[in-house]
2 protein chains.
Amino acid sequence: MTSTLEAALLGVLARGEHTGYSLARMMGRPVGYFWSAHHSQIYGALASLEDRALVRHTVIEGAGPRPTKRYAITAAGLDALREFVAGELVEPPTRDLETLKMWSMWTVDPGSARALVERAYARHASRLTAYETELAEVSADPDSRDRTHPLFASRLTLEGGVRSRRAAVDWCAWMLGELAVAEGAEAD
Amino acid sequence: MTSTLEAALLGVLARGEHTGYSLARMMGRPVGYFWSAHHSQIYGALASLEDRALVRHTVIEGAGPRPTKRYAITAAGLDALREFVAGELVEPPTRDLETLKMWSMWTVDPGSARALVERAYARHASRLTAYETELAEVSADPDSRDRTHPLFASRLTLEGGVRSRRAAVDWCAWMLGELAVAEGAEAD
DNA sequence: AGGCGCATGTAAGCCGTTACATGATTCC
DNA sequence: GGAATCATGTAACGGCTTACATGCGCCT
């Protein structure tokens, strides 16, 4: 019924009111860490949510050529969000471009293979520091210990991000070692 | 130029010949661990790859109502695969349904929150054991130490799977602890 | 007799990306 | 004067999912 993008938007609006534009920007940091969408998709989804009375808008003064709309979640919207969170998770198909490349690593020359892993290392490492910084900020707020406060959920998800990126960074370092060993063996 | 699905298919065909049907089944184990597609998509992609001479088919005898086609990668196809592996990785947008749910966990009752985390724990744990089993099998083969052998890449990617699932399992266990602590604080 | 596995294909529709369109204000 | 930010929308297109279609051989 409610699409995943709609659930994501409800999740953001449950934490505060937003315009379509500011929702689109939030699909950068922090929501963009685990979900993303373009504004063209967001405006349509908001209209669809409003048709079903899960969100409501009021017109505010803004800088655009058309009226600026501020959206808020409704009681029905909060119910729909809760249902989404508590409902069954239908495992969506995995599509991991990085692993796909690694899996065909055997076809390329040693230099390309090393470069591939090094780039992956750098990406994961930079994400890791971003997560760590944000986690430190969130953890400093006592609200992040209150199970019913949004920051509690932010803290748990950021902790997950830190752990997974740490694992990815370690994995890349380990792969560089394996590549070195294999190249050494080749040289013999 | 070459879509990601096409790259995935080239990656499989570089390891051996397949029919469209068997490719579709492989989008279960092990390729399905990091990529997946339906047969309806695969048949079209194979035709498109063949138009560009990246794969070639020969008709073999089979059980279907139409001629059964066995596909093999061509030299040009191998080149295209290498280019894909060595080329820039344009970071595709993240869409992580599990994290999305966790991030809105603060809206639901404690029981639903715990159930959400426990289901995630179970999913990751079962994937972890699957990866560990397969990694043990692959590692036992001496070819998995040869950088130019497919099993080398299989071993590295499986190691990544084990590490990431281990991190996810640990994360879920940690979250269950955090939930218990937060509920204890609420009871006071 | 009916269901499952082999085997290939088409078609409708949804979701997501990219590009087009508009227009005021602020900063360089 | 030109670029960036705010702000909302439409349209074309491609990728992915779901469903429809066909038909043989094997097992129960």
Side-chain angles (χ1 to χ4, degrees), chain A residues 1-9 12 17-29 31-32 34-52 55 57-71 90-97 100, chain B residues 1-10 12 17-29 31-32 34-52 55 57-71 84 90-97 100:
Chain A
M1 178 123 64
T2 334
S3 77
T4 319
L5 169 61
E6 286 170 356
L9 294 176
V12 181
E17 306 193 354
H18 283 280
T19 65
Y21 185 84
S22 68
L23 282 166
R25 266 186 324 159
M26 285 197 72
M27 298 288 153
R29 202 200 75 131
V31 187
F34 51 85
W35 208 263
S36 73
H38 294 271
H39 75 268
S40 56
Q41 215 186 342
I42 290 168
Y43 289 116
L46 284 172
S48 158
L49 284 169
E50 192 154 38
D51 282 349
R52 282 171 290 152
V55 302
H57 83 261
T58 47
V59 173
I60 59 169
E61 47 180 316
R66 271 184 279 280
T68 298
K69 301 173 181 176
R70 180 158 55 205
Y71 284 90
V90 279
E91 188 114 42
T94 345
R95 285 208 181 83
D96 181 344
L97 198 58
L100 179 60
Chain B
M1 177 121 65
T2 335
S3 78
T4 319
L5 168 62
E6 286 169 356
L9 294 176
L10 288 177
V12 180
E17 306 194 354
H18 283 279
T19 65
Y21 185 84
S22 69
L23 283 166
R25 267 185 323 160
M26 285 197 72
M27 298 289 153
R29 205 199 74 129
V31 188
F34 51 84
W35 208 264
S36 72
H38 294 270
H39 76 268
S40 55
Q41 215 186 341
I42 290 168
Y43 288 117
L46 284 172
S48 158
L49 285 169
E50 192 153 39
D51 282 348
R52 283 171 290 151
V55 302
H57 83 261
T58 48
V59 173
I60 58 169
E61 47 181 315
R66 270 183 279 279
T68 298
K69 301 173 180 175
R70 181 160 53 205
Y71 284 91
F84 165 77
V90 280
E91 187 115 42
T94 345
R95 285 208 182 83
D96 181 344
L97 198 59
L100 179 60

Only distances under 3.5 Å count here; give the side-chain donor-acceptor pairs of residues 57-68 of chain B to other protein atoms, sequence neighbours excluded, each with its distance to 0.1 Å.
unit_1: B/H57; atom_1: ND1; unit_2: B/E50; atom_2: OE1; d: 2.9
unit_1: B/H57; atom_1: ND1; unit_2: B/E50; atom_2: OE2; d: 3.0

- Message: Can you measure A/E6 atom CD to C/dG16 atom C1' for me and round it to whole angstrom units?
- Response: 14 Å

- B/S36: side chain to side chain donor-acceptor pair (under 3.5 Å) partners, not counting sequence neighbours: none

- Task: List for me each residue that meets side chain to side chain donor-acceptor pair (under 3.5 Å) alongside B/S48, sequence neighbours excluded, and say none if there are none.
- Result: B/E6, B/R52

- Closest listed nucleotide, where the reference is the side chain of B/K69 and the choices are C/dT17, D/dT8, C/dT8: C/dT8

- Roughly how many Å is it from CD1 in B/I42 to C1' in D/dG15, rounded to a whole number? 13 Å

- Criterion side chain to side chain contact (heavy atoms under 4.5 Å, CB included) against B/H18, the qualifying member of B/L9, B/L46, B/V12: B/V12

- Query: How does protein reach along nucleotides 19-28 of chain C, written 5' to 3' as B (base within reach of a heavy atom under 4.0 Å), S (only sugar-phosphate), or - (no contact)?
  - Reply: B-BBB-----

- Item | D/dT8 OP1/OP2 closer than 4.0 Å to side-chain N/O of A/Y21 | no

- Message: Checking contacts here: which listed nucleotide (D/dG15, C/dG16, D/dT8) is nearest the side-chain heavy atoms of B/R95?
- Response: C/dG16

- Message: I'd like to check the side-chain contact (heavy atoms from CB on, under 4.5 Å) partners of B/Y21; sequence neighbours left out, ordered by chain and number.
- Response: B/T19, B/R25, B/Y43

- Only counting residues at least two apart or in another chain, list the ones meeting side-chain contact (heavy atoms from CB on, under 4.5 Å) with A/S40. A/H38

